[in-house]
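No experiment lies behind these values; they were computed from the predicted model shown.
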Amino acid sequence: MPKPATRRIGETGGLSGIRLAALDFDGTLVPKDKPNVDLNDRTAALLEQLRCRGLRLIVATGRHPSFIQKRIRKFQFDAVIGYSGNVVSHGRQEEAAAFSLDMIQAVYTFAQNHPGLEMTLYSDQGIACGSSSESKEALLKKWRRTDRICDLNGVADFLIGDIRKVTTMQVSRICLHLDRWELYPGIKSKFQIRFPGYRLVKTGDKQAEVLAQGRSKASEILRLAHSLGISADQIACAGDDENDMEMLQLFDHSYYIGRNDDPLRSAAAFCADHVNAVLEQLLIKGESHV
């Protein structure tokens with residue numbers, strides 16, 4: 001059954017039965033322009049109230065789970081779906097996709113053949129590897145500007161050098177960086193033709209991420225929910241960017257956070273200006289599952 005037209009949050013008819021809420025991080029739980037801050041007090045308090053009502057609360061983000069676990073002090077989430085679905089951390093268990101060396105080399109060649117395109121790789125543990133001397137220097141400059149591990153997307157160390165060094169680690173994230181964002185539509189179209197079965201999604205300012213085959217935020221939310229005995233109609237989600245599109249389309253109780261993006265507004269069932277409005281609505285309409 002198709003979703004109703006996107007409505008403001010106060011127009012929702014009811015959320016009883018929700019047992020799991022999956023929330024994007026940058027631009028949803030925290031401001032997009034201030035990604036390295038903790039949750040504000042009101043958001044943390046609302047999350048805690050929802051937990052007391054029996055809801056499972058997870059983050060679905062483009063960042064590595066270690067970023068959330070080390071940066072967020074005011075609330076401990078039940079699970080973190082990271083790298084836009086390529087890595088999942090639940091309790092003491094972590095599971096990650098792995099890109100083959102053939103795929104890595106092919107994407108590297110694709111990037112080399114498109115001026116203005118740069119590739120960065122990340123291991124399942126969040127280690128970054130630049131694919132060129134330019135990205136090496138950019139990463140080093142970023143490292144010099146901070147003494148905090150969490151400012152580097154959960155990066156604990158750098159393996160910096162040429163593409164051959166990727167053989168020493170399991171690559172679970174491939175990012176393409178564009179020097180001009182207007183290049184993205186054309187790059188995305190060419191990527192989908194060159195790599196059928198894989199997807200390229202926007203995950204930040206002039207950055208797009210390669211999703212492993214069969215994986216996305218939505219797929220991993222469903223997988224995690226199934227392991228907890230939770231059905232799709234018992235899931236609420238909120239997000240604000242292209243890597244949230246699939247979950248906004250899939251779940252009936254989906255919320256676009258923001259005002260500007262028409263495709264995302266159309267994908268979601270509801271829209272809100274701030275995540276706290278979503279959390280408050282879950283509290284008002286939710287049902288206890290303690």
(request) Identify whether Val37 and Leu39 are in the same connected component of the hydrophobic contact network (ILVMFWY, side-chain heavy atoms under 4.5 Å). (result) yes
(request) Any pair with a residue in residues 179-189 that passes salt bridge (Lys or Arg N to Asp or Glu O under 4.0 Å), sequence neighbours left out, goes on the list, sorted by first then second residue, please. (result) Arg180-Glu182, Lys188-Glu242
(request) Compare all side-chain heavy atoms of Leu20 with those of Leu55 and state whether any distance is below 4.5 angstrom. (result) no
(request) May I ask you to check whether Tyr198 and Phe191 place their ring centers less than 6.0 Å from one another? (result) no
(request) Side-chain contact test, heavy atoms from C-beta onward, threshold under 4.5 Å: evaluate it for Val59 versus Ile81 and give yes or no. (result) no
(request) Check side-chain contact (heavy atoms from CB on, under 4.5 Å) between Asp38 and all other residues, then give those that pass, not counting sequence neighbours. (result) Ile72, Arg73, Lys74
(request) Locate the shortest heavy-atom distance separating Pro65 from Gly82; write the atom from each residue and the value. (result) CD-CA, 4.0 Å
(message) Using every non-hydrogen atom in the two residues, find where Thr28 and Gly239 come nearest and quote the distance to one decimal.
(response) OG1-CA, 3.5 Å
(message) Asp24 vs Lys217, test: salt bridge (charged side-chain N to carboxylate O under 4.0 Å, His left out). Steps then yes/no.
(response) CA-CA 9 Å; Asp24 174 49; Lys217 289 185 179 184; 3.0 Å; yes
(request) Could you pull out all residues at least two apart from Arg56 that satisfy side-chain hydrogen bond (donor to acceptor under 3.5 Å, both in side chains)? (result) none
(request) Would you check if there is a donor-acceptor pair between the side chains of Asn276 and Thr43 at a distance under 3.5 Å? (result) yes
(request) Quick one: list whatever passes side-chain hydrogen bond (donor to acceptor under 3.5 Å, both in side chains) with Arg223, sequence neighbours left out. (result) Glu220
(request) Using the test side-chain contact (heavy atoms from CB on, under 4.5 Å), find all partners of Ala232 that sit at least two apart in sequence or belong to another chain. (result) Leu222, Phe251
(request) Indicate yes or no: at least one non-hydrogen side-chain atom of Ile221 is less than 4.5 angstrom from one of Met247. (result) yes
(request) Could you pull out the closest heavy-atom pair between Asp240 and Lys32, with the gap in Å? (result) OD2-CE, 3.0 Å
(request) Go through the structure and list residues passing side-chain hydrogen bond (donor to acceptor under 3.5 Å, both in side chains) with Ser219, not counting sequence neighbours. (result) none
(request) Applying side chain to side chain donor-acceptor pair (under 3.5 Å) between Ser84 and each of Glu209, Arg173, Glu246, Arg199, report the one that passes. (result) Glu209
(message) Once salt bridge (Lys or Arg N to Asp or Glu O under 4.0 Å) is applied, what residue pairs with a partner in residues 76-91 remain, sequence neighbours excluded?
(response) Arg51-Asp78
(message) Checking Gln69 now: which residues fulfil side-chain hydrogen bond (donor to acceptor under 3.5 Å, both in side chains) with it, not counting sequence neighbours?
(response) Ser89
(message) According to side-chain contact (heavy atoms from CB on, under 4.5 Å), who are the partners of His114, at least two apart in sequence or on a separate chain?
(response) Phe110, Leu117, Ile187, Lys190
(request) State yes or no: are the ring centers of Tyr122 and His64 separated by less than 6.0 Å? (result) no
(request) Kindly state each residue pair satisfying salt bridge (Lys or Arg N to Asp or Glu O under 4.0 Å) with at least one member in residues 85-107, sequence neighbours excluded. (result) Glu95-Arg215
(request) Drop me the distance from Phe25's CZ to Phe77's CZ, to the nearest 0.5 angstrom. (result) 7.5 Å
(request) Using a 4.5 Å cut-off on heavy atoms from C-beta on, say whether the side chain of Leu23 contacts that of Leu279. (result) yes
(request) May I ask you to list the residues sharing a hydrophobic cluster with Val201, side-chain cutoff 4.5 Å, ordered by chain and number? (result) Leu211
(request) Check whether any side-chain heavy atom of Phe75 sits under 4.5 Å from a side-chain heavy atom of Leu57, and report yes or no. (result) yes
(message) Going by the rule side-chain contact (heavy atoms from CB on, under 4.5 Å), which residues pair with Ala79 if we only count those two or more places apart in sequence or in a different chain?
(response) Ile58, His90, Leu224
(request) Tell me, with the steps shown, if Arg63 and Asp26 meet side-chain contact (heavy atoms from CB on, under 4.5 Å). (result) CA-CA 9 Å; Arg63 295 180 180 272; Asp26 297 287; 2.8 Å; yes
(request) Write down the atom of Ala268, the atom of Tyr255, and the distance for their closest heavy-atom approach. (result) CB-C, 4.0 Å
